[in-house]
Amino acid sequence: MPPNIVVLTGAGISAESGLGTFRDRQGEGIWAKFDPMKLATLEAFARDPELVLAFYDLRRRNLLGAEPNAAHFALAQLKGALAERGGRLTLVTRNIDDLHERAGSKRVIHMHGELLKARCSACEAVRPWRDDLGVSDVCPHCGRVGTLRPQVVWFGETPLELDVIDWALRQADLFVAIGTSGAVYPAAGFVAEACAYGLRTCEINLEAADNAQLFDEQRLGAASKTIPNWVEELVGP
Ligand code: APR
């Protein structure tokens, strides 16, 4: 029987595309340079919306200049190959970038939202958004001014689609965490949930994550090499 796999990806899969990670052992991640409490909370946005929007404008511009790497393409190939054989890949990401989609993956679960979308805090409408976002922008849906924010999940907010992820874990045989530090919950708890449901678990990462001891198997290395190798082992070249 072809496997039913849940993959969780984090910032590490996009690192070789030039998008920074948040925490690393060298202390060079995004949150070592910028204070998340001033940039990634609802309170920060209420206090200084220009500062918060400027931070996400910078990240959006970086993203528009970035390209998916071999790891994103390999996961898209895996999704297609499993589907052809009657298996399934549920692709969950903590990343707000669109590199999985640009590599060809469809129906990606963005549990922390999407940088290339904006949401109106007044009417809740979510729209594609590729430009800078300003405090005087008008919501295209309800016409209010200054209510738009990036469609991203900030610290203190609830991640998206947790019920769908739990359902997918209950059906799966294998849980694989790729390029994620295991530092922020609830995603850091998926491996424990997977163990409780009887799945095999595998970590593929540059350095062992904080919760590495919970995984059955570990593969260390850069995602652009480890992921294509792993996919080839599963479904062939
Ligand atoms: N290949 C594979 N893994 C890599 C690579 C690479 N080339 N480069 C770095 N990594 C690994 C690091 O070893 C680390 O374990 O990616 C992980 C990145 O960890 P974080 O920066 O903490 O990113 P992530 O786990 O996605 O962060 C989770 O925290 O601040 C929030 O909302 C933010 O979604 C984010 C969440």
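Both counts, for ligands and for their atoms, begin at 1 and track the order of listing. All residue numbers refer to positions in the sequence shown, counting from 1. What's counted below: heavy atoms across the whole structure, side chains too, no hydrogens, waters or symmetry copies.
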**Request:** Ignoring hydrogens and angles, state whether a donor on the side chain of E114 or Q151 is under 3.5 Å from an acceptor on the partner side chain.
**Result:** no
**Request:** List, by chain and then residue number, the residues other than L206 in its hydrophobic cluster (Ile/Leu/Val/Met/Phe/Trp/Tyr, side-chain heavy atoms under 4.5 Å); write none if there are no others.
**Result:** none
**Request:** With heavy atoms of V184 as the reference, note each atom of ligand 1 found under 4.0 Å away.
**Result:** 29 (O)
**Request:** Report yes if N95 has an N/O atom closer than 3.5 Å to an N/O atom of ligand 1; otherwise report no.
**Result:** no
**Message:** G179 versus ligand 1: do any nitrogen or oxygen atoms come within less than 3.5 Å of each other?
**Reply:** yes
**Asked** Are any of the N/O atoms in A223 less than 3.5 Å from those in ligand 1?
**Response** yes
**Message:** Any nitrogen or oxygen of G182 lying under 3.5 Å from a nitrogen or oxygen in ligand 1? Just yes or no.
**Reply:** no
**Request:** Would you check whether A222 reaches within less than 4.0 Å of ligand 1, judged by its heavy atoms?
**Result:** yes
**Message:** I'd like to know if A187 contacts ligand 1, where contact means a heavy-atom distance under 4.0 Å to any ligand atom.
**Reply:** no
**Item:** Polar proximity ligand 1 side, L206 side, N/O cut 3.5 Å exclusive
**Value:** yes
**From the candidates A11, G10, A32, the one that places a heavy atom nearest atom 23 (O) of ligand 1** = A11
**Asked** Could you give all pairs that pass the salt bridge (charged side-chain N to carboxylate O under 4.0 Å, His left out) test and reach residues 101-113, with sequence neighbours left out?
**Response** D98-R102, R107-E161
**Asked** Any salt bridge between D132 and R61, counting N to O under 4.0 Å?
**Response** yes
**Prompt:** How does A15 reach ligand 1, by side chain, by backbone, by both or by neither, if only non-hydrogen atoms under 4.0 Å count?
**Reply:** side chain
**Message:** Closer than 3.5 angstrom, by distance alone: can the side chain of R94 be matched with the main-chain N or O of M111 as a donor-acceptor pair?
**Reply:** no
**Complete:** Ranking N205, V153, T21, L8 by closest non-hydrogen atom to atom 14 (C) of ligand 1, top hit is N205
